[in-house]
Amino acid sequence: MGRCKTYHRKKCLFLFLFLLALLLILAGRLIYLMLFQNEHYSKLALDLHQRERQIKAARGIIYDRNGVKLASNSQVCTISVIHSQITEAEKVIDFLSEKLSLSKEEVKKKVEKVSSREKIKSNVKKEIADEIREAHLDGVKVDEDYKRYYPFGTLASKVLGFCGSDNQGIVGLEVTYEDILSGEPGKILTLTDYKGIEIENAAEERVEPIDGKSLYLSIDVNIQKYAEQASQKVMKQKEAIGVSMILLNPQNGEIYAMVDLPEYDLNDPFTLTEGSTLTATQDQLNQMWRNSCINDTYEPGSTFKIVTAAAALSEGVVSLTDQFSCPGFRIVEDRRIRCHKAGGHGTESFKEGVMNSCNPVFMDVGARLGASNTYQYWRKLGLFETTGVDVPGEAGSIMHKLENIKAVELATMSFGQSFQITPLQLLRAASAVVNGGRLVTPHFGIKAVDELTGKEEVFSYTEKNGAVSEETSNIMKEVLEAVVSEGTGKNAAIEGYRIGGKTATSQKLPRSEHKYISSFLGFAPADNPIIMGIVLIDEPTGIYYGGTIAAPVMKEVFENVLPYLGVKEEYVEKTEEN
């Protein structure tokens, strides 16, 4: 009997100790959670009962070099619904479909979808959004948003690019500088109950967005307008399928203007420029957005003689006074390659050969230079690499392999045929020829500015020296000035200004179709250029010679731009002859 009592006493003691230990463990765990894990679990609870709504950041403004807005923002709103908070579904469907010009079926599908948040429509005008907000419909949310707006519509459209419905860059500089322009979105955190319904009179937590930085470009709105007006004029007159023009500072690579007609409306980028009522295919849109100054290659023709002449003078295989004979053609192996002047130019110096744009002279010079030296100078002038311009999608050159260059290829290469480059590659190479031999990087971006703090980030670009010698550069400026004053480029001459340049009439492939690109490359002032430009007229009707139709276009542009840039006229007093 005594042993039985002792046995039960031990069992009770063991049970008591076990329960005490369990209680201490639970109490310790509770103390740990309350004291050391309080913030963690409070955050989890808050996340569970908070509904997050994003606040869009305003995209950074894009300015031209003088502070003129090229891209800004207009205030719009995004309309969305929260399924769990809707109390009058039919009323919501009818009201939103009417105000947003949407079908009832489309709105109903989104309203009845069980989700935390369903977007009905974005980029809604503020006036309409205010009407929806004032209707006080349960479950309908109106959030502030921004839509990209381009004050000049089509101006520099293929350079600037545009944004999609999410305000993210799609093409052009809007894509290149996305990280700078986009900013950081904010958010609104609202408390809800276990059903996801917002708690009335509960305080909201708001994290303010950080707006994007402003971007300043080298583009000058006025110069861009001059270039576009002249391009549109010649495109209409010559019924061309397109006209392209680039104007830049050959000393530092800053691009003042870039035109590629036909342009498109940046505020309506998904509508074809031809005014078609048909829905545009993606291929058609991509073609419309394409910038041929950068994205497409072509055979440059005689404007490329600038490169051949500079290379030959630098290598010392020719001098300005060397004599050549032009009977109107050259026989190279089994090919008869013509000069543009059927009867030939007769005997002429190298300088005269450049002024006359004589193919036989350049074929002879190309043979003297040789394939290996030719490619050596082409590399120095950046023709085997992209220019590094800050617009996406730049194309590279299409060249012969060195081992495949025979006499015929070398002859045609010397005057700009049988290979392809972009207009910007040629302009970059020509800039190095006239700026003392510095290979600059063409670019649009100058700096980014934080409007809130005023902090600036100035962009820098690479530059390589030694593309040609200073001596060669000075000779080429003199020769190319003579091309305009006395040679094939005389239609670009402007009284009182020193203009240099080179004409070209290049035949498109296949040559059997007899389609041409007429072009002119010019710069001013000839002795110390601060502006250089190239204009290309694609498939002009009627007369198609570059000296006849392209040179006058650049003349018209320079007549406006040179005074605008502060270049003063120079006049040489004429003495009377006895």
Side-chain angles (χ1 to χ4, degrees), residues 297-381 383-384 396-421 425-426 429 479 487-488 502-519 544-546:
T297 58
Y298 80 117
E299 288 189 351
S302 292
T303 47
F304 195 80
K305 290 171 181 174
I306 295 172
V307 172
T308 304
L313 288 168
S314 293
E315 191 62 18
V317 299
V318 71
S319 70
L320 294 185
T321 56
D322 283 3
Q323 296 295 302
F324 297 85
S325 176
C326 171
F329 62 90
R330 277 285 186 275
I331 302 294
V332 182
E333 293 186 339
D334 59 342
R335 294 273 301 277
R336 181 187 178 98
I337 305 175
R338 295 185 302 106
C339 181
H340 68 87
K341 186 175 182 180
H345 294 99
T347 301
E348 57 189 337
S349 67
F350 177 62
K351 181 178 180 179
E352 290 170 332
V354 179
M355 292 164 54
N356 295 329
S357 196
C358 179
N359 286 350
V361 168
F362 277 86
M363 286 187 271
D364 291 349
V365 170
R368 292 184 189 182
L369 190 60
S372 182
N373 282 336
T374 292
Y375 269 13
Q376 177 188 340
Y377 283 96
W378 286 18
R379 290 185 193 282
K380 287 183 178 181
L381 290 166
L383 296 169
F384 281 90
S397 53
I398 303 172
M399 303 291 193
H400 294 289
K401 289 183 178 179
L402 181 60
E403 60 270 22
N404 294 336
I405 299 177
K406 308 303 179 186
V408 171
E409 288 76 23
L410 187 58
T412 55
M413 286 164 53
S414 69
F415 56 83
Q417 285 189 5
S418 77
F419 65 91
Q420 294 195 1
I421 56 176
Q425 281 181 306
L426 176 59
V479 172
T488 58
K502 187 70 191 72
T503 60
T505 309
S506 49
Q507 196 170 9
K508 296 176 70 173
L509 298 175
R511 305 199 195 284
S512 58
E513 294 185 0
H514 302 290
K515 294 178 180 179
Y516 298 88
I517 296 177
S518 305
S519 61
Y544 52 80
Y545 296 113

Distance from [X] atom [atom1] to [Y] atom [atom2], nearest 0.5 Å?
X	Y	atom1	atom2	value
Met363	Ile331	CE	CD1	9.0 Å
Tyr377	Ser372	OH	OG	11.0 Å
Phe419	Glu299	CZ	CD	7.5 Å
Ile337	Asn359	CD1	CG	8.5 Å
Phe362	Cys326	CZ	SG	12.0 Å
Met399	Ile405	CE	CD1	9.0 Å

Considering non-hydrogen atoms only, spot the tightest contact between [X] and [Y] and give its length.
X	Y	result
Glu348	Glu352	CA-OE1, 3.2 Å
Gly546	Thr505	N-OG1, 2.9 Å
Leu369	Ala311	CD2-CB, 3.7 Å
Ser302	Ala504	N-CB, 3.4 Å
Ile421	Ser397	CG2-CB, 3.8 Å
Ala429	Leu383	CB-CD2, 4.1 Å

>> If the condition is ring pair (Phe, Tyr, Trp, His ring centres under 6.0 Å), which residues does Tyr375 pass it with, not counting sequence neighbours?
In response: Trp378, Phe384
> Does Phe415 have any ring pair (Phe, Tyr, Trp, His ring centres under 6.0 Å) partners at least two apart in sequence or in another chain, and if so, which?
Replying inline: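 Partners of Phe415 under the ring pair (Phe, Tyr, Trp, His ring centres under 6.0 Å) test: none.
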> Are Ser357 and Lys502 linked by a side-chain donor-acceptor pair shorter than 3.5 Å?
Replying inline: yes
> ring-ring contact (aromatic ring centres under 6.0 Å, His included): which pairs involve residues 306-334, sequence neighbours left out?
Replying inline: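 Counting only pairs at least two positions apart or across chains, no ring-ring contact (aromatic ring centres under 6.0 Å, His included) contact touches residues 306-334.
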> Which residues satisfy the salt bridge (Lys or Arg N to Asp or Glu O under 4.0 Å) test with Lys351, sequence neighbours excluded?
Replying inline: Glu478
> Tell me, which pairs form a side-chain hydrogen bond (donor to acceptor under 3.5 Å, both in side chains) where one or both residues lie in residues 405-420, sequence neighbours left out?
Replying inline: Thr297-Gln420, His400-Ser418, Thr412-Ser418
> Quick one: are Leu313 and Val318 in side-chain contact, heavy atoms under 4.5 Å?
Replying inline: yes
> Applying salt bridge (Lys or Arg N to Asp or Glu O under 4.0 Å), which residue pairs with at least one partner in residues 314-338 are found, sequence neighbours left out?
Replying inline: Asp322-Arg368, Arg330-Asp364
